[in-house]
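First up is the structure itself, then whatever we jot down about it.
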Amino acid sequence: MSQAASSDEETDFQVVSSTNYQRVRDKVGKISYADGIADGREQVFQTSFDQGYADGLSVGLELAKFRSFFDTLAAAGTKDESLLKEQEAYKELNLPKATDKQHFKYLDHQNEPLNVVSEKQGIYTNDLLGKCAASLPKTANLFISRDSS
């Protein structure tokens, strides 16, 4: 009888062990899946943030150059007629501040892939800078980098 009881206990132990193993395996699978999803999201969010930051910095920096230049020009009280004309032309452009949402095209294209949004942001920035260069040629020329070699 002790051998039969031992055999039943061993069978019960195997059933419980098998059930526990399956339960642990399922939990590990779910946790691994959730970790994989979280890692993927984090990577996508970081890439998107990095690209958006670069695009935003580009347009913001370029617009801030113009605003700062003309603010400094006004504070200095320049008498240069061509610069005063450009200062008036700048005011007439009525550009929103560099941080205004109007400049960030991701708001208009939220359902499109990141590379498409970034491309559209680049086109917008280039068009805006072209408009500034056409209206403010002398000032825009000051901001062009020159190769010193």
Side-chain angles (χ1 to χ4, degrees), residues 10-149:
E10 191 173 307
T11 302
D12 289 344
F13 178 75
Q14 288 175 347
V15 169
V16 168
S17 292
S18 176
T19 304
N20 284 340
Y21 173 76
Q22 188 62 37
R23 202 174 0 193
V24 168
R25 192 171 130 195
D26 289 346
K27 282 185 181 184
V28 168
K30 287 178 185 176
I31 290 170
S32 297
Y33 176 78
D35 285 348
I37 293 294
D39 288 348
R41 281 187 185 144
E42 186 176 314
Q43 187 174 12
V44 167
F45 289 147
Q46 187 63 52
T47 301
S48 298
F49 174 83
D50 292 348
Q51 186 62 52
Y53 186 86
D55 291 343
L57 181 64
S58 173
V59 71
L61 183 63
E62 294 301 327
L63 289 173
K65 284 180 190 178
F66 285 103
R67 181 174 296 273
S68 297
F69 178 76
F70 288 115
D71 286 350
T72 303
L73 203 62
T78 186
K79 305 287 187 230
D80 185 316
E81 285 299 317
S82 62
L83 288 176
L84 289 172
K85 284 181 185 178
E86 285 200 10
Q87 186 173 22
E88 280 304 310
Y90 175 75
K91 288 178 185 176
E92 290 173 13
L93 285 174
N94 199 26
L95 296 172
K97 287 185 177 183
T99 56
D100 193 286
K101 290 180 181 180
Q102 175 182 333
H103 297 301
F104 303 105
K105 298 301 152 194
Y106 70 90
L107 295 171
D108 300 334
H109 306 284
Q110 291 181 12
N111 295 325
E112 296 183 40
L114 178 62
N115 62 329
V116 172
V117 176
S118 185
E119 182 180 314
K120 289 182 181 189
Q121 182 68 47
I123 291 169
Y124 171 80
T125 302
N126 290 339
D127 289 348
L128 184 62
L129 294 177
K131 183 178 170 182
C132 288
S135 298
L136 315 165
K138 189 171 185 178
T139 305
N141 191 43
L142 293 173
F143 299 143
I144 296 173
S145 297
R146 304 278 194 269
D147 188 358
S148 60
S149 55

Test side-chain hydrogen bond (donor to acceptor under 3.5 Å, both in side chains) applied to Q22 and D26, step by step: CA-CA 6 Å; Q22 188 62 37; D26 289 346; 3.1 Å; yes

I'd like to know if the side chain of [X] reaches the main chain of [Y], judged simply by a donor and an acceptor atom lying under 3.5 Å from each other, with no hydrogens or angles considered.
{"X": "E86", "Y": "K138", "result": "yes"}
{"X": "H103", "Y": "Y124", "result": "no"}
{"X": "S58", "Y": "A54", "result": "no"}
{"X": "S68", "Y": "A64", "result": "yes"}

With F45 via ring-ring contact (aromatic ring centres under 6.0 Å, His included) - residues at least two apart: none

Lys/Arg-Asp/Glu bridge criterion (N-O < 4.0 Å) met for K85, E88: no

K65 NZ to R67 CZ distance, which is reported to the nearest 0.5 Å: 15.5 Å

Plane angle bin for F70 and F66 - parallel if under 30°, tilted between 30 and 60°, otherwise perpendicular: parallel

Ring geometry between F143 and F69 (parallel below 30°, tilted from 30 to 60°, perpendicular above 60°): perpendicular

Audit row: L63, D100, side chain to side chain contact (heavy atoms under 4.5 Å, CB included) steps and yes/no: CA-CA 11 Å; L63 289 173; D100 193 286; over 6 Å; no

No-hydrogen, no-angle side-chain donor-acceptor test under 3.5 Å, D55 and Q51: yes

Over all atoms of both residues, closest heavy-atom pair of Q121 and V59: NE2-CG1, 4.0 Å

Closest contact, heavy atoms only, A134 versus P137: O-CD, 3.8 Å

Chi angles and distances behind the side chain to side chain contact (heavy atoms under 4.5 Å, CB included) call for H109, V116: CA-CA 8 Å; H109 306 284; V116 172; 6.0 Å; no

Heavy atoms from other residues, nucleotides or ligands near CD of Q43 exceed 12 (cutoff 6.0 Å): no

Stepwise side chain to side chain contact (heavy atoms under 4.5 Å, CB included) check, Q46 with D50: CA-CA 6 Å; Q46 187 63 52; D50 292 348; 2.8 Å; yes

Close side-chain approach of L136 to L93, heavy-atom, < 4.5 Å: yes

